[in-house]
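Heads up, the thing below is written out as structure tokens.
Just so it is clear, the structure is predicted and the values come from calculations on it, not from any experiment. A, B, ... follow the sequence lines: proteins, then strands. Residue 1 opens every chain. The figures here come from the full heavy-atom set of this structure, side chains too, leaving out hydrogens, waters and symmetry mates.
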There are 2 protein chains.
Amino acid sequence: MQISSKFTIAVHMMTCMAYFTEMEKVTSDFLAGSVGTNPVIIRNLMLSLKNAGLIEVKRGTGGATIKKPLEEITLFDIYAAVENEKEKGIFRFHENPNPACPVGSTIHKTLDGRLAQIQDAMEAQMRSVTLWDVIRDTREFNL
Amino acid sequence: MQISSKFTIAVHMMTCMAYFTEMEKVTSDFLAGSVGTNPVIIRNLMLSLKNAGLIEVKRGTGGATIKKPLEEITLFDIYAAVENEKEKGIFRFHENPNPACPVGSTIHKTLDGRLAQIQDAMEAQMRSVTLWDVIRDTREFNL
DNA sequence: CATAGATGTAATATGAAAAGTTACAGGAGG
DNA sequence: CCTCCTGTAACTTTTCATATTACATCTATG
């Protein structure tokens with residue numbers, strides 16, 4: 001299986017917020033148009049990003065803005081904000097290993113730590129990319 | 001979303017093959033009993049592992065054995081063997097970014113390389129763990 | 001050579017999770 | 001108070017992993 005598209009959508013959203021700042025009011029409808037999905041999907045992700053302290057959302061008048069310097073927001077921050085299965089880990093484990101089998105009874109103890117290390121490596125790489133890197137490329141491509 | 005349990009099941013299977021070598025005939029039924037799943041699931045995974053050159057499966061008489069030295073098989077080899085979405089990448093991308101939007105039209109160019117790097121980091125860590133490491137722990141836990 | 005015990009494989013069902021949709025209450029500025 | 005937007009619940013649709021059933025095929029062995 002794959003990591004849900006909530007992550008890439010959220011990155012897309014934040015890229016829009018940064019790119020269109022001061023040019024457009026970035027509402028859920030506007031974002032839905034750019035991402036190509038439903039406004040409610042966007043609103044739910046806005047909630048997650050807001051709860052993580054990454055953005056601010058105005059009620060009434062509407063519109064979302066980024067709350068922190070772009071170089072202080074990493075892809076991992078966005079990932080952690082929207083991917084709630086973060087706690088479960090990215091690896092799904094089969095649920096009924098046989099406790100009467102010497103392998104089945106120890107497979108978790110044997111693998112859990114190593115799987116966590118793999119996930120750590122992935123997350124470390126995510127931390128090395130900031131939203132500023134992404135925006136810079138976007139601007140570059142639109143000169 | 002998460003990576004399917006095919007991966008951990010396959011690791012479990014190969015651990016059994018190594019652990020029970022010469023003690024038991026390791027058939028799909030035997031493995032299904034240790035893993036706690038259906039024999040057909042096991043057989044399909046055996047196919048994948050066989051096609052990747054990791055194991056040998058006897059027809060007729062039955063039983064699977066590992067074809068390479070344990071220290072030459074890494075978790076990545078097993079992952080690549082059974083996870084066919086390997087080519088698709090672990091990140092799902094939203095499918096309809098708006099081509100008329102400066103962000104929507106460039107988001108793929110901007111992100112694809114970085115997402116690949118993240119996946120590479122994960123795979124590199126997977127390559128650092130061999131089946132021998134896993135078996136050693138299993139034996140350790142069963143002294 | 002017949003058979004018993006395995007694998008190879010297709011077809012289908014089941015279940016869970018992601019994504020999309022509709023609907024509406026509530027806030028805020030004009 | 002009217003309009004535009006967010007917050008949120010409820011429900012549907014789609015997709016995919018996992019499980020199950022069924023059967024053809026292979027091979028060692030009695």
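For A:Asn38 and D:dT13, the CG to P distance is 15 Å, given to the nearest whole Å. Between the NZ atom of A:Lys6 and the C1' atom of C:dG20 there is a distance of 14 Å, given to the nearest Å. For the pair A:Lys58 NZ and D:dG7 P, the computed distance is 12 Å after rounding to whole Å. The nearest whole Å value for the distance from the CD1 atom in A:Ile9 to the C1' atom in C:dA18 is 10 Å. Across the protein-nucleic acid pair, B:Phe30 atom CZ and C:dA6 atom P stand 12 Å apart, rounded to whole Å. Rounded to whole Å, atom C1' of C:dT7 lies 5 Å from atom CZ of B:Arg59. A straight line from CD of A:Glu95 to P of D:dA17 spans 16 Å, rounded to a whole angstrom. Atom CZ in A:Phe91 sits about 16 Å away from atom P in D:dA17, given to the nearest Å.
Heavy-atom distances to DNA chain D give each of A:Val40 and A:Gly62 a nearest nucleotide, and the one nearer the 5′ end belongs to A:Gly62. Each of B:Asp29 and B:Asn96 lies near DNA chain C, and the nucleotide nearest B:Asp29 is the one positioned closer to the 5' end.
The shortest heavy-atom contact between B:Arg43 and B:Ser28 is NH1-OG, 3.2 Å. Heavy-atom minimum distance, B:Ile55 versus B:Lys67: O-CD, 3.6 Å.
Contact annotation: B:Ser4 does not reach the phosphate of D:dC16 (side-chain N/O to OP1 or OP2, under 4.0 Å). For the pair B:Ser5 and D:dT18, the criterion of a side-chain N or O lying under 4.0 Å from OP1 or OP2 is met. Considering only side-chain N and O atoms, B:Thr37 lies nowhere under 4.0 angstrom from the phosphate OP1 or OP2 of D:dT18. Proximity of A:Ser28 to the phosphate of D:dT6: a side-chain N or O atom is located under 4.0 Å from OP1 or OP2.
Between B:His108 and B:Phe93, the two ring planes are parallel [angle under 30°; tilted spans 30° to 60°].
B:Gln119 places a side-chain N or O within donor-acceptor distance of the main-chain N or O of B:Ile90, the cut-off being under 3.5 Å. With B:Asn98 contributing its side chain and A:Gly33 its backbone, the two residues share a donor-acceptor pair below 3.5 Å. Checking side-chain atoms of A:Ser34 against main-chain N and O of A:Leu31 turns up no donor-acceptor pair under 3.5 Å. Under a 3.5 Å cut-off, the side chain of A:Lys50 and the backbone N or O of A:Ala64 do not form any donor-acceptor pair.
For B:His94 and A:Thr8, the side-chain atoms include at least one donor-acceptor pair closer than 3.5 Å.
Within residues 11-22 of chain A, no residue has any heavy atom under 4.0 Å from DNA chain D. Listed by residue number, B:Ile41, B:Arg43 are the residues of residues 41-55 of chain B with a heavy-atom contact under 4.0 Å to DNA chain D.
For B:Arg136, the salt bridge (Lys or Arg N to Asp or Glu O under 4.0 Å) test picks out B:Asp133, with sequence neighbours left out.
The pair B:Asp77-B:Lys68 does not count as a salt bridge, with every side-chain nitrogen at least 4.0 angstrom from each carboxylate oxygen.
Listed nucleotides C:dA6, C:dG8, D:dA28 differ in distance to B:Lys25; the shortest reach to its side chain belongs to C:dA6.
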